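Below: the structure, in structure tokens.
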Amino acid sequence: MEIESTIKALVSRAIGELYQATVSDESVQVQITRKDLEGDLTVVVFPYLKVSKKGPEQTGSEIGEFLKAHLSAVDSFNVVKGFLNLNLSHQFWIGELNKMVANVDHGFVKPADDSPLMMIEYSSPNTNKPLHLGHIRNNLLGFSLSRIAAVNGFRVVKTNIVNDRGIHICKSMLAWKKWGEGQTPDSTGIKGDHLVGDFYVKFDKEYKQELAQLQAQGLNKDEAESQSQLMKEAREMLLLWEQNDPEVVGIWKMMNSWVYKGFDETYKALGVDFDKTYYESQTYTYGRDMVLDGLEKGVFYRKDDGSVRVDLSSDGLDEKVLLRSDGTSVYMTQDIGTAKLRFDDYAIDKMVYVVGNEQNYHFQVLSLVLDKLGFSWGKDLVHFSYGMVELPEGKMKSREGTVVDADDLVAEMINTAREMSKELGKLDGYSEQEAEAIYRMIALGALKYYMLKVDPRKTMTFNPRESIDFNGNTGPFIQYTYARIQSVFRKAVEKGMTHHDEVGDVALTDKENNLVRMLTSFPTVVSEAAQTYSPALVANYAYDLAKEFNQFYHDSPILFEENDDKRNLRLTLSKTVGQTLKNAMWLLGIEVPPRM
RNA sequence: GGUCCGGUAGCUCAGCUGGAUAGAGCAGCAGCCUUCUAAGCUGCGGGUCAUGGGUUCGAAUCCCGUCCGGAUCACCA
């Protein structure tokens, strides 16, 4: 809020003139006045008691008088304990409202051609299994962060890195080859990513059986693992793949194409997308070259077993393998190559990786390794480390079949939205197609809001029952508030009422005042969300605003208000709230319906 | 064991760059539709902010110790 910095500067001037002391503008504490007290903004005066050598009441009054004399927006003030509560004039707030309604992108700072470029990596799926709940949090966070960055003056490139190679991919390939009997998505009617996932599970099952057999023959666990025939075949397959063996590459291409088609559907259903997709299969060789280059330069070393490693003990970490003794690449190799390629492709000012906090160590190492290789951006990379998603019963475990599949979840939510809407008769008169679009909007609104409203850094609990709740602190509650506002405007047209955005000089009720005040703080929320990488701030703001509006809506007539000026104010206020809710939800990747 | 993260109402979460009487939602109970959408609104009950110290005018918030939970410390990704 602009007014806050004005007040801060004035308070610091007041301290200088009244008490001959110096305080920085920044150090002045201005906060929103508590709801149960009179006032709009509050200055905390405790810090100045030492220099004023007076009591809190008197110091507050003196500063209050100064502000009133020097700032026309200050109407009156009161002092409670050490808090100076300022009442700002209704003319001031109406001026703010008029500015906001005139700017549909209120709070957004659009980037220019020479704005800094931020690349945000998110999603990063493996091609051996379909997307699940954990990926959903990742995708929603990544997408929302991209939008938040884009309205905070960044040019944004959304990027995906597909982990399409490696031993895990070979496992599903091997299983398909051994037991697949030529199955395809078409022949089975199973979505491609799910079909491949089934073979991955099949491999794991057979592998476990083999281990059990070996152990039954008297081998211990480690011995059994090293003697496993299946694992040996998988490793051989990886080697063949890296040597471009035609048969292996053929299977790989075919199965990956199934998976990509499946992923595309899921991404589309979630409403997320990417500007540039990288494939590990195309980047890992760059990483390998860079590691070998580093080896030559003496940044890394080769151990007697043949593996190439980096020693990070001087940074408080351990040594880390960068190339296996058989020469094949590991996860880290690939990330080094991808980073290099990206910085060759784009003039990146800020690189953000949206990856779970289980990989904190990996990114610590990546940052150091890139730095050692001489890349200035190594140290500056941002690992946006988000928390895991758990179920009320605890962690998701594939072995116990508790993994929540992304496609299933979205489909279920849409079903629930459809049933609920039909029961309430909300969309009577809409065509089936129109109604379906809104069911989807509501379902995704519920899911996205549910996942984005919590602090991304924290582990969260996904309660299926709560996630499809449409009441209370939910996405649909906010969507509903928006829909109500649209309904008011439709009614206004029906009644032939005229409305102009510009509001004249009218007194404001407490609720109206609160709403205008909340609206003016939207830009601050948007900017803080970018600085702290937290869509949750936007989500919570949207909820607070919707809640406040519903209270206003409940006890203030809008169209039925007979006084023209008041009615006009309420319409403008409603319009601005609607626009702001829409913008806030857009930042979360959530659409708002005209009706629901 | 080392490192990192967390512990706020029965449950899920806000609040954490120190500020006034710690807030929402869900769940429970009681109300409000002949007025702009009741997917809404109002009220009630519910708290040793894990715990013990410290810093200060003031601590859920900052610092230290303890307890509890999680992540990680792979030639997996």
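Chain A is the first sequence line, chain B the second, and so forth, proteins listed ahead of strands; every chain is numbered from 1. Because the structure is a prediction, the values reported are computed rather than measured.
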Practice prompt. Mark up nucleotides 22-28 of chain B, 5' to 3', with B wherever a protein heavy atom is under 4.0 angstrom from a base atom, S wherever such an atom reaches only the sugar-phosphate, and - elsewhere.
Written response: --SSS--
Worksheet item: What's the CZ-P distance between A:Arg457 and B:A14, to the nearest Å?
Response: 11 Å
Discussion item. Rounding to an integer number of angstrom, what distance separates B:C16 and B:C62 when you compare their P atoms?
Written reply: 10 Å
Practice prompt. Could you state the atom-to-atom distance from CD of A:Gln29 to P of B:G19 in whole Å?
Written response: 8 Å
Worksheet item: How are the rings of A:Phe462 and A:Tyr450 set to each other: parallel, tilted or perpendicular (split at 30° and 60°)?
Response: perpendicular
Worksheet entry | Residue A:Val330, side-chain heavy atoms: nucleotide from B:A39, B:C57, B:C75 that is nearest | B:C75
Response to the item:
Of the listed B:U72, B:C13, B:G19, the closest approach to the A:Glu358 side chain comes from B:U72
Worksheet item: What stems involve RNA chain B, if each pair must be Watson-Crick or G-U and both of its distances must be under 3.5 Å, with 3 or more such pairs in a row?
Response: B:1-7 with B:67-73, B:10-13 with B:23-26, B:28-32 with B:40-44, B:50-54 with B:62-66
Discussion item. Is the distance between the ring centroids of A:Tyr480 and A:Phe477 under 6.0 Å?
Written reply: no
Discussion item. As a test of reading the structure: which of B:U37, B:A77, B:U42 is closest to the side chain of A:Arg595, going by heavy atoms?
Written reply: B:U37
Worksheet entry | Residues that A:Thr461 engages under side-chain contact (heavy atoms from CB on, under 4.5 Å), provided they are two or more places apart | A:Pro392
Worksheet item: Taking the six-membered ring for Trp, is the centroid-to-centroid distance between A:Phe363 and A:Tyr353 below 6.0 Å?
Response: yes
Response to the item:
Of A:Gly166 and A:Phe83, the one whose nearest nucleotide on RNA chain B sits closer to the 5' end is A:Phe83
Worksheet item: Nearest nucleotide by nearest heavy atom, which residue falls closer to the 5' end of RNA chain B, A:Thr481 or A:Thr459?
Response: A:Thr459
Fill in: Check: A:Trp252 ring centroid to A:Tyr279 ring centroid under 6.0 Å
no
Worksheet entry | Side chain of A:Asp318 - closest among B:C73, B:A39, B:C36 | B:C73
Response to the item:
Quick note, A:Met596 side chain, CB onward, closest among B:G19, B:A39, B:A14 is B:A39
